[in-house]
Protein chains: 2
Amino acid sequence: MTINQATDYALRAVLYLARQPQGEVTEAQAISGQEVIPMRFLLKIMPSLIKAGIVKSFRGVGGGYALAKAPGEVSFLDVVEAVEGPIALNRCLNDYAFCSKKGAPNCQIHQALADVQAKLKAELQGHNFAELIN
Amino acid sequence: MTINQATDYALRAVLYLARQPQGEVTEAQAISGQEVIPMRFLLKIMPSLIKAGIVKSFRGVGGGYALAKAPGEVSFLDVVEAVEGPIALNRCLNDYAFCSKKGAPNCQIHQALADVQAKLKAELQGHNFAELIN
DNA sequence: CTATTGTTCACCCATTTAGTGTACTTTAGG
DNA sequence: CCTAAAGTACACTAAATGGGTGAACAATAG
């Protein structure tokens, strides 16, 4: 029921980038140092943010990262799902194979959890990084 | 971000008990068989529901389990927290030691997640087993 | 060409998850 | 009071996940 460490780091990294002047390229080392994220681990996480279209990267001398969108266009849900994949409050909500009842059609638990999950996703989607810049 | 298998089983077990005539004692074998929960694993999960005051147990011949409260008095949150302990969307929300910034006082990520977590808990608390009996 | 920056893929160790084994305790009924 | 039928406690395990590290590579500014 908790996000993992990589996601926590990713949220902090995105917020850090969101606080930089628009278009500014920030190197991994700066993010790592300021946000206290192990450098090598950060470098491993960033590509998933890039694939999700949240961040752009620049290689070579003077390279680094920058947001690919306006901070207000990036939600917590975007970042969480970029790193962890689709949210599933219960594994069976995304893949019936995980249900020992094999997705018995009238599983009330399933339906109630699906409802909670929808609310959770909406809530995560409702938070973006523009709000947090200060 | 997902509940674990034990919690899923616990929710199904509680729902099963909620559907029995009030006061009826149901043996583990029946729950296990009907809800397709590995017997030994179910027996291991039940004590946490008992400690949380959700279920009562009866030992010896003719023993089994029964709800300790009315179905409407048992929320999803009760069951989830009975099995998994307090919900923490981020580990640092319950224990600052897990924050690599050591709970830097103005962590905006922390604050936003705390807000989402509060909504999630409220949502889980809003679902009880009376609604699901049919 | 070279130093600097990010990328990729493989690996590693500790913890958690999802269970099983074995021995024990309680209790109804004969 | 014996015994079979229930739940309890504690230890153990195989597999997956979490949180990282290592080493070689690729791109790019100067």
Side-chain angles (χ1 to χ4, degrees), chain A residues 1-13 17 24-33 35-52 54-68 80 82-85 88 90-92 95 97-100, chain B residues 1-13 17 24-33 35-52 54-66 68 80 83-85 88 90-92 95 97-100:
Chain A
M1 193 65 99
T2 93
I3 62 175
N4 59 31
Q5 194 63 38
T7 304
D8 180 61
Y9 289 157
L11 290 167
R12 303 219 304 253
L17 292 176
E24 176 135 334
V25 173
T26 306
E27 55 189 22
Q29 192 123 3
I31 304 174
S32 163
E35 293 298 325
V36 195
I37 301 172
M39 171 80 168
R40 300 292 323 287
F41 197 37
L42 176 65
L43 286 171
K44 180 173 166 174
I45 296 165
M46 297 306 287
S48 47
L49 296 176
I50 294 166
K51 282 178 199 122
I54 297 168
V55 159
K56 289 179 296 193
S57 72
F58 303 89
R59 292 161 75 146
V61 178
Y65 302 98
L67 279 195
V80 170
V83 178
E84 304 197 351
N90 190 337
R91 298 180 305 175
C92 77
D95 183 350
F98 281 113
C99 180
S100 63
Chain B
M1 195 64 100
T2 93
I3 62 174
N4 59 32
Q5 194 62 39
T7 304
D8 180 61
Y9 289 157
L11 289 167
R12 304 219 304 254
L17 291 176
E24 176 135 334
V25 173
T26 306
E27 55 190 22
Q29 192 122 5
I31 305 173
S32 162
E35 294 297 326
V36 195
I37 301 172
M39 171 78 168
R40 301 293 323 287
F41 197 37
L42 176 65
L43 286 170
K44 181 172 166 175
I45 296 165
M46 297 306 287
S48 48
L49 295 175
I50 295 166
K51 282 179 197 121
I54 297 167
V55 159
K56 287 180 297 193
S57 72
F58 302 88
R59 292 162 74 148
V61 179
Y65 301 98
V80 169
V83 178
E84 305 196 352
N90 190 337
R91 299 181 304 175
C92 77
D95 183 351
F98 280 114
C99 181
S100 63

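Treat the numbers as computed from the prediction; the structure is a model and nothing was measured. A note on names: the letters A, B, ... follow the listed sequences, proteins ahead of strands, and every chain is numbered from 1.
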Is any side-chain nitrogen or oxygen of A:Ser57 closer than 4.0 Å to OP1 or OP2 of C:dT5? no
To the nearest Å, give me how far apart CE (B:Met1) and C1' (D:dT17) are. 16 Å
Separation of A:Met46 CE from A:Ile37 CD1 (nearest 0.5 Å): 8.5 Å
Can you measure A:Leu42 atom CG to C:dT5 atom P for me and round it to whole angstrom units? 14 Å
Under 4.0 Å, heavy atoms only, any strand: does A:Gly60 hit a base, just the sugar-phosphate, or nothing? base
Calculate the interatomic distance between A:Arg40 atom CZ and D:dG19 atom C1'; express it in whole Å. 13 Å
B:Met46 has an atom CE; how far is it from atom P of D:dA9, in whole Å? 13 Å
Can you identify which nucleotide, out of D:dG7, D:dA9, C:dA28, has its nearest atom closest to the B:Pro47 side chain? D:dA9
Select one nucleotide: of D:dT8, D:dG20, C:dT17, the one nearest the side-chain heavy atoms of A:Phe41. D:dG20
Rounded interatomic separation in angstrom, taking CG from B:Leu43 and P from C:dG21: 14 Å
Between C:dG19, C:dA3, D:dT8, which nucleotide has the shortest distance from any of its atoms to the side chain of A:Val61? C:dA3
Do B:Arg59 and C:dT27 share a donor-acceptor pair, side chain to base, under 3.5 Å? no
NZ/B:Lys56 to CD1/B:Ile54 distance, rounded to the nearest 0.5 angstrom? 13.5 Å
Side-chain contact test, heavy atoms from C-beta onward, threshold under 4.5 Å: evaluate it for A:Asn90 versus B:Leu11 and give yes or no. no
Kindly say if B:Tyr9 contacts the phosphate of C:dT17, meaning a side-chain N or O under 4.0 Å from OP1 or OP2. no
Rounded to the nearest 0.5 Å, what separates atom CG in B:Leu42 from atom CD1 in B:Ile45? 6.0 Å
To the nearest Å, how far apart are A:Asn4 CG and C:dT17 P? 13 Å
Roughly, in whole Å, what's the span from CD in B:Gln5 to P in C:dT17? 12 Å
Separation of A:Phe58 atom CZ from D:dA29 atom C1', in whole Å? 14 Å
Regarding B:Ile3, tell me which of base, sugar-phosphate or nothing describes its non-hydrogen contacts under 4.0 Å with the strands shown. nothing
Using a cut-off of 4.0 Å on non-hydrogen atoms, how would the nucleic acid contact of A:Ile50 be classed: base, sugar-phosphate, or nothing? sugar-phosphate
For the base of D:dG19, is there a side-chain donor-acceptor partner from A:Lys44 under 3.5 Å away? no
Using a cut-off of 6.0 Å, state whether more than 12 heavy atoms not belonging to B:Glu24 lie near its atom CD. yes
